[in-house]
Amino acid sequence: MYASGLHQHRFAPSAAVAPAVAALWVNECGFDTAGVSIPRAEPHLVVRFGPSARRGLDFHAIGARQRAHRKVIRSGQRTVMVRLHLGTHGAVFGVPSSVIADRIVPLEDLWGVAATRELGERLFEARQVPEVVAILEEVIARRLPASEAHEAPTQLALDAAARLGTARVNDVAKALGVSERTLRRVFREAVGMSPKEFSQLTRFHRALREARAGLHVDWAGIASATGYYDQAHLIAEFRKIVGVTPRAFLGELRGAASSTTGRERGARSET
DNA sequence: AGTACTGACCGTTCAATATC
DNA sequence: GATATTGAACGGTCAGTACT
């Protein structure tokens, strides 16, 4: 999430939650502003404090998303974002990824009223950001199984995801020893989107990363380097995913990421 | 028999590519 | 840039198999 005037504090996940948590950060904003979230396949756990939250504090699970969405961030709002690894939805949320795909689900619908009320009370009392992060990590760690091994269907989807960059779905299915239909079924259940949609999102992120890194002088170069047929297709894909052209979206992000700090347990890159 | 899982087939959609 | 063509990917459905 990026927004004008937004302060972002990043935390390296502790060893206890590292198998499930890919990134953890806190956004704070001192005045009303606009924000845009970049769509991702990974599920997120979000805790909001402040004027936008119900009763001053609420938490949600956000599933795999294929489209950016924009919203107003109110002054005084603090948002704790936890990005999970693909395939950990079952352990952390207790449901298949397909259940929360393209949705924002109140955590109490997944964890139950009692568990979320207890968590809410603890978070409400914890005023300092590191304390909030520690509580969240403790709660997530408690939900993780002793073994890091995934169930077979989830592992199949993860193996497919690792190969899906440029390979065709049918070829990936063959390489993994299942039919294309089975791979598609399993993948959608485990990831919350189709293999093709996952490939497109992966390619979009690659192009965005290259553009932000400034490795190419023009969009045609980025399109060529990241697997798009041509610049026109790159632009069409950006329009579909984030609603605007690549140049406009970069401008939106540049204007947004005005203040970002990496600290506490070590800084990492964040998109 | 009922259930769960898988593969195969089919018609449709749409992205990729070629051509004008 | 607009349009046409091609083929990959999709979801629905059904049959086969294994298991209870």
Side-chain angles (χ1 to χ4, degrees), chain A residues 36-43 62-69 86-91 93-105 110 145 147 149-212 215-251 271:
Chain A
V36 56
S37 71
I38 301 173
R40 285 188 166 276
E42 295 89 346
I62 299 181
R65 307 186 83 129
Q66 297 174 57
R67 302 286 179 268
H69 84 282
L86 279 181
T88 58
H89 45 78
F93 294 136
V95 294
S97 201
S98 56
V99 171
I100 57 172
D102 275 324
R103 295 177 61 204
I104 300 173
V105 181
L110 305 173
S147 165
H150 295 290
E151 291 182 359
T154 300
Q155 190 57 53
L156 176 67
L158 293 178
D159 290 344
R163 296 167 184 247
L164 271 172
T166 52
R168 290 186 306 188
V169 176
N170 193 29
D171 291 340
V172 172
K174 277 182 189 159
L176 296 175
V178 294
S179 72
E180 184 195 335
R181 190 74 185 92
T182 296
L183 177 60
R184 280 196 275 128
R185 263 195 283 254
V186 167
F187 199 90
R188 184 172 282 285
E189 185 77 359
V191 179
M193 61 178 66
S194 73
K196 179 66 174 176
E197 288 164 344
F198 179 82
S199 281
Q200 288 173 335
L201 198 55
T202 301
R203 188 172 55 178
F204 159 79
H205 276 288
R206 214 181 299 140
L208 186 60
R209 200 163 45 240
E210 298 240 345
R212 297 178 89 181
L215 296 176
H216 300 271
V217 294
D218 58 2
W219 290 105
I222 293 172
S224 167
T226 54
Y228 289 94
Y229 180 66
D230 58 17
Q231 183 180 353
H233 282 78
L234 170 76
I235 292 170
E237 193 107 310
F238 265 75
R239 280 187 180 280
K240 189 175 84 176
I241 294 174
V242 299
V244 296
T245 62
R247 180 193 287 265
F249 190 62
L250 265 195
T271 54

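Residue numbering restarts at 1 for every chain, and letters A, B, ... go by the order of the sequence lines. From a predicted model like this one, the values you see are computed outputs, not experimental measurements.
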Peer 1: Salt bridge check, A:Arg188 against A:Glu197: does any charged N sit closer than 4.0 Å to a carboxylate O?
Peer 2: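 Yes, charged N to carboxylate O under 4.0 Å.
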
Peer 1: Under 3.5 Å, is there a donor on one side chain and an acceptor on the other for A:Ser179 and A:Thr182?
Peer 2: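 Result is yes, a qualifying pair exists.
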
Peer 1: What is the distance, to the nearest angstrom, from the CD atom on A:Glu180 to the C1' atom on C:dA9?
Peer 2: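 It works out to 7 Å between those atoms.
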
Peer 1: Mind checking which nucleotides bracket the chain A contacts on DNA chain B, 5' to 3', with an atom under 4.0 Å from a heavy atom?
Peer 2: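 Nucleotide range with atoms under 4.0 Å of chain A: B:dT6 to B:dA18.
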
Peer 1: So, A:Glu210 and A:Arg206, do they make that salt bridge, N to O below 4.0 Å?
Peer 2: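 Answer for the salt bridge query: no.
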
Peer 1: Determine the interplanar angle of the A:Phe204 and A:Phe249 rings, folded into 0 to 90°, and report it as parallel if under 30°, tilted if 30 to 60°, perpendicular if over 60°.
Peer 2: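 Because their plane-to-plane angle lies in the 30° to 60° range, the rings of A:Phe204 and A:Phe249 count as tilted.
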
Peer 1: In whole Å, what is the span from the CE atom of A:Met193 to the C1' atom of C:dC10?
Peer 2: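 After rounding, the reported distance stands at 15 Å.
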
Peer 1: Specify the separation, in whole Å, of atom CZ of A:Arg184 and atom C1' of C:dA8.
Peer 2: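 Taking atom C1' of C:dA8 as the reference, CZ of A:Arg184 is at 10 Å.
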
Peer 1: For the side chain of A:Arg188 and the base of C:dG11, is some donor closer than 3.5 Å to an acceptor across the two?
Peer 2: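 Side chain to base: no pair below 3.5 Å.
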
Peer 1: Whole angstroms only, please: what is the CZ-P distance between A:Arg185 and C:dC14?
Peer 2: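 Whole-Å distance recorded here is 13 Å.
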
Peer 1: Expressed as a whole number of angstroms, how long is the span from A:Arg203:CZ to C:dA9:C1'?
Peer 2: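 Taking atom C1' of C:dA9 as the reference, CZ of A:Arg203 is at 13 Å.
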
Peer 1: Looking only at heavy atoms, which two atoms of A:Ala190 and A:Ala157 are closest? And how far apart?
Peer 2: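 Answer, listing the atom of A:Ala190 first, then A:Ala157: CB-CB, 3.6 Å.
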
Peer 1: Nearest-Å distance, CZ (A:Arg181) to P (C:dA15)?
Peer 2: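 So the two atoms are 16 Å apart, to the nearest Å.
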
